[in-house]
Amino acid sequence: MTPTDMTHAAPVWNGDVAKARVLQTELAARVRLEDDYPPLRRVAGVDVGFEDGGTVTRAAAVLLDARTLAPLAEVVARQPTRMPYIPGLLSFRELPALLQALSELPESPDLVFVDGQGIAHPRRLGIAAHLGVVTGLPTIGVAKSILVGTHEDVGPHRGDRQPLEHKGEVIGCVLRSKDRVRPLIVSPGHRVSMATAPELVLAFNTTYRLPEPTRLADRLASRRGSVRR
DNA sequence: GCGACAG
DNA sequence: ATCTTGTCGC
């Protein structure tokens with residue numbers, strides 16, 4: 001699939017919450033949780049921010065060298081905001097702009113780190129899983145807080161973790177990425193297993209709380225990032 | 001019916 | 001997410 005084809009897979013918000021939920025359940029059935037990603041050469045981080053009081057959705061995609069973590073390309077896509085934030089339906093609000101940003105990267109990534117839940121979602125289709133299913137790309141969801149699920153207390157050191165459970169199923173893991181800092185909520189998005197997801201997050205995590213792909217996309221989406229020269 | 005609730 | 005400066009802690 002060529003990058004430009006991806007925008008055609010964007011979910012369409014028609015104001016019908018019930019219909020959106022049915023679509024999520026259908027798409028969730030297409031999520032693959034077996035490890036099935038190529039040797040990692042380039043990885044991407046994507047995130048969304050808002051401008052002008054929320055009227056403009058700003059999506060950022062950063063491509064980095066998987067070996068050195070050096071940024072290879074950065075893209076920002078802007079679109080008018082079409083719907084409000086509704087817990088559980090985040091992908092309908094943010095995916096259109098995110099797909100546009102991803103499609104404008106010069107090369108396709110081997111893995112995408114998405115800011116939000118993977119399958120750790122009421123219907124097992126958080127934005128990372130949704131993005132994976134519509135693009136076919138391997139994805140991992142890295143969220144800063146929980147949408148659904150419960151867990152035991154997590155140890156204080158980097159690498160400590162606890163399974164996140166919901167309705168009798170393990171849907172992700174609560175992972176401490178840095179000593180004594182609030183843990184991250186990690187869950188597979190697509191073509192990545194439950195066991196591998198947290199390992200990949202740690203592998204791409206350096207001295208900050210967030211893994212590098214996510215951290216760079218975050219800064220770009222939120223207008224921060226000191227591009228001082 | 002009463003909360004909780006990714007970003 | 002966003003509105004927003006300095007400040008407490010490692």
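We name chains A, B, ... by the order of the sequence lines, and we start the count at 1 in each one. Only this structure's heavy atoms are used, side chains among them; waters, hydrogens and symmetry mates stay out.
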Could you tell me whether A:Tyr85 contacts a base, only the sugar-phosphate backbone, or nothing, with contacts defined as non-hydrogen atoms closer than 4.0 Å?
base
Report the distance from atom CD of A:Glu51 to atom P of C:dT2, rounded to the nearest whole Å.
9 Å
Answer with base, sugar-phosphate or nothing: what part of the nucleic acid does A:Leu98 contact at a heavy-atom distance below 4.0 Å?
nothing
Please classify the nucleic acid contact of A:Gly141 as base, sugar-phosphate, or nothing, using heavy-atom distances under 4.0 Å.
nothing
With a 4.0 Å limit, can you tell me whether A:Lys178 has a side-chain N or O closer than that to the phosphate oxygens OP1/OP2 of C:dC10?
no
Do A:Arg158 and A:Asn205 have side-chain N/O donor and acceptor atoms under 3.5 Å apart?
yes
Would one find a side-chain N or O of A:Ser145 under 4.0 angstrom from OP1 or OP2 of B:dC5?
no
For a quick check of understanding: with a heavy-atom distance under 4.0 Å over all strands, which category does A:Ile146 fall into, base, sugar-phosphate or nothing?
sugar-phosphate
If each of A:Arg180 and A:Glu94 is mapped to the nucleotide of DNA chain C with the nearest heavy atom, which maps nearer the 5' terminus, i.e. the 5' end?
A:Glu94
For A:Gln117 and C:dA1, what is the distance between atoms CD and C1' respectively, to the nearest whole Å?
15 Å
What does A:Asp115 touch in the nucleic acid at a heavy-atom separation under 4.0 angstrom: a base, only the sugar-phosphate, or nothing?
sugar-phosphate
Check the side chains of A:Asp115 and A:Thr214 for a donor-acceptor pair under 3.5 angstrom, ignoring hydrogens and angles.
no
Rounded distance (Å) that lies between atom P of B:dA6 and atom CD of A:Gln24:
14 Å
In whole Å, I'd like the distance from the CG atom of A:Leu131 to the P atom of B:dA6.
19 Å
Answer whether the closest heavy-atom distance between the side chains of A:Arg180 and A:His157 falls below 4.5 Å.
no
Quick one: label A:Gly49 by what it contacts on the DNA or RNA (base, sugar-phosphate, nothing), any heavy atom closer than 4.0 Å.
sugar-phosphate
Test item: A:Arg58 side-chain N/O and A:Phe50 main-chain N/O as donor-acceptor pair under 3.5 Å:
no
Indicate yes or no: at least one non-hydrogen side-chain atom of A:Thr139 is less than 4.5 angstrom from one of A:Leu111.
no
A:Leu90 CG to C:dT2 P: how many Å, rounded?
13 Å
